[in-house]
Amino acid sequence: MPEGNEIHRFAQQHAAAFAGKRVHVDSPNGGFPDAEILDGRKLLRVDAVGKHLGYNFGRDLILHVHLGMYGDFHQGEMPFPSVKGALRLRIYTRTDWIELRGGTDTSIFTQAKWESLLRRLGPDPLIPGTDPKLAFEKIAKRNTPIGALLMDQSVIAGIGNIYRAELLYRARIHPLRPGKDVDQAALKSIWNDAKKLMGAGVKDTRYVTTLAKNRPHKSGPVREDEERYVYRRHGKPCFVCGTKIERADLAGRTAYWCPTCQKK
DNA sequence: GCAAAATGTCAAG
DNA sequence: TTGACCTTTTGCA
């Protein structure tokens, strides 16, 4: 279910509970038979890059988790909740536990494999100090729509369908505009906006991208139906201009945009 | 009770 | 470009 912000949040929370400690690892539904290799070892640290998590148990023992579209974690203090559903992985100590369900990949990586993963990922806006230059250069060369490039993890790591839609709305750029027609100043502002929005999304579990001045209810708590400008708002009026939000498939995922505010 | 959809990625054709 | 895969939740019978 997650974009990069949630991955980084999981890394922080899981490290807080387990890093530097000997942990138990098991797989109640048998979906991760290698759990026993890790059981009883010390978890050194938890890394997050883009949408990937690496639980580092020492060289060549890196538990790689990619949640894909459906994977999710739950975390809590002992005792365990009752086992239900397809519980693939648990990590726990005497006091804390996490549970993992779903997900595209749960497997043990060598150091070399982890490094080759890092090599094929673009810069991650959630890693402080990251230089976006390589991403800008790739985008400037390509005819591919910017809406597809922002989701391409080898261009920029961590952006998913919600942030793609909302970043492009906030930049007033149509998702079908070719990458090479997005100027450098616009790319820079999208990158800075990604750092800001996704950074807020690490702390806040809601994806709020609207400015208060654009919300129909400008004060009070943000209403659920006013959190975002375009994502899953097709057929509804744009908060800024009133035009109906459109949607279409783009690179295998549904893109959303305002045909008036966002220019091709 | 069942179909459909969902914040993702990869491989086959 | 399409299908396959992982699982839960929602909406409609």
Side-chain angles (χ1 to χ4, degrees), chain A residues 1-11 27-35 48-54 63-75 81-90 98-107 109 113-114 116-122 124-126 143-145 147-170 175-176 193-194 197-210 224-225 227-235 247-257:
Chain A
M1 326 233 311
E3 301 194 14
N5 58 307
E6 300 204 45
I7 300 307
H8 282 261
R9 185 195 312 136
F10 287 137
S27 177
N29 80 343
F32 177 54
D34 285 347
V49 189
K51 298 172 188 167
H52 301 260
L53 285 160
L63 169 61
H64 173 252
V65 174
H66 193 296
L67 295 176
M69 196 120 73
Y70 320 122
D72 205 4
F73 282 105
H74 290 96
Q75 179 170 12
S82 60
V83 172
K84 48 176 197 289
L87 184 46
R88 186 188 300 175
L89 169 74
R90 290 191 295 201
I98 56 176
E99 295 180 337
L100 168 67
R101 289 178 179 73
T104 294
D105 187 50
T106 308
S107 64
F109 274 25
K113 194 167 177 189
W114 176 258
S116 91
L117 165 68
L118 297 188
R119 257 179 268 122
R120 69 178 173 76
L121 292 177
D124 178 345
L126 285 176
N143 255 325
T144 309
L149 293 170
L150 288 186
M151 294 264 284
D152 180 338
Q153 302 299 299
S154 68
V155 174
I156 294 186
I159 294 177
N161 206 16
I162 298 177
Y163 286 123
R164 154 173 85 173
E166 298 298 309
L167 288 166
L168 288 174
Y169 180 85
R170 286 163 59 104
L176 290 180
D193 208 26
L197 286 186
M198 296 175 75
V202 173
K203 311 261 183 257
D204 185 350
T205 58
R206 302 170 80 183
Y207 286 67
V208 179
T209 64
T210 48
E224 220 172 293
D225 55 348
E227 289 175 1
R228 293 179 288 272
Y229 288 104
V230 294
Y231 177 74
R232 284 213 197 169
R233 293 199 65 248
H234 52 286
R247 72 167 168 178
D249 190 273
L250 174 52
R253 311 296 303 286
T254 308
Y256 304 82
W257 69 90

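None of these values were measured; they are calculated from a predicted model. Just so it is clear, the values below take in all heavy atoms, side chains as well, and ignore hydrogens, waters and symmetry mates. Convention: sequence-line order gives letters A, B, ...; per-chain numbering from 1.
- Residues satisfying the side chain to side chain contact (heavy atoms under 4.5 Å, CB included) test with A/Arg247, not counting sequence neighbours, are A/His234, A/Thr254, A/Tyr256.
- Taking the P atoms as reference points, C/dC5 lies 14 Å from B/dG13, given to the whole Å.
- Spacing of P atoms, C/dA13 relative to B/dA5, comes out at 15 Å, to the nearest Å.
- Annotation: B/dA4 and C/dG3 have their P atoms spaced 14 Å apart (nearest Å).
- Residues forming a salt bridge (charged side-chain N to carboxylate O under 4.0 Å, His left out) with A/Arg9 (at least two apart in sequence, or on another chain): A/Glu6.
- Here B/dT7 presents its P atom at 18 Å from CG of A/Leu197, a figure rounded to the nearest Å.
- At distances below 3.5 Å, at least one donor-acceptor pair connects side-chain atoms of A/Arg88 with backbone N or O atoms of A/Gly103.
- With sequence neighbours excluded, the residues that form a side chain to side chain contact (heavy atoms under 4.5 Å, CB included) with A/Asp152 are A/Arg142, A/Ser154, A/Val155.
- When the ring-ring contact (aromatic ring centres under 6.0 Å, His included) test is applied to A/His66, the partners found at least two apart in sequence or on another chain are A/His52.
- Remark: A/Arg90 engages A/Asp26, A/Pro28, A/Phe80, A/Val83, A/Leu87, A/Tyr92, A/Glu99 in a side chain to side chain contact (heavy atoms under 4.5 Å, CB included) (not counting sequence neighbours).
- A/Asp225 is linked by a salt bridge (charged side-chain N to carboxylate O under 4.0 Å, His left out) to A/Arg223, counting only residues two or more places apart in sequence or in another chain.
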Could you write out each protein N or O paired with an N or O of nucleotides 3-5 of chain B at a distance under 3.5 Å?
none

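- Considering only residues two or more places apart in sequence or on other chains, A/Gln153 meets the side chain to side chain contact (heavy atoms under 4.5 Å, CB included) condition with A/Lys51, A/Leu121, A/Ala157.
- In this structure, the salt bridge (charged side-chain N to carboxylate O under 4.0 Å, His left out) partners of A/Arg206, at least two apart in sequence or on a different chain, are A/Glu227.
- By the salt bridge (charged side-chain N to carboxylate O under 4.0 Å, His left out) test, A/Arg233 is found to be paired with no residue, residues two or more places apart in sequence or in another chain being considered.
- Looking at heavy-atom distances under 4.0 Å, A/Tyr207 makes contact with a base.
- Taking 4.0 Å as the cutoff to heavy atoms of chain A, we find the contact window on DNA chain C bounded by C/dC6 to C/dT8.
- Neither side chain, A/Arg170 nor A/Thr209, offers a donor N or O lying under 3.5 Å from an acceptor on the other.
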Contact string for nucleotides 8-13 of chain B, one letter per nucleotide 5' to 3', B = base within protein heavy-atom range under 4.0 Å, S = sugar-phosphate only, - = neither, reads BSS---

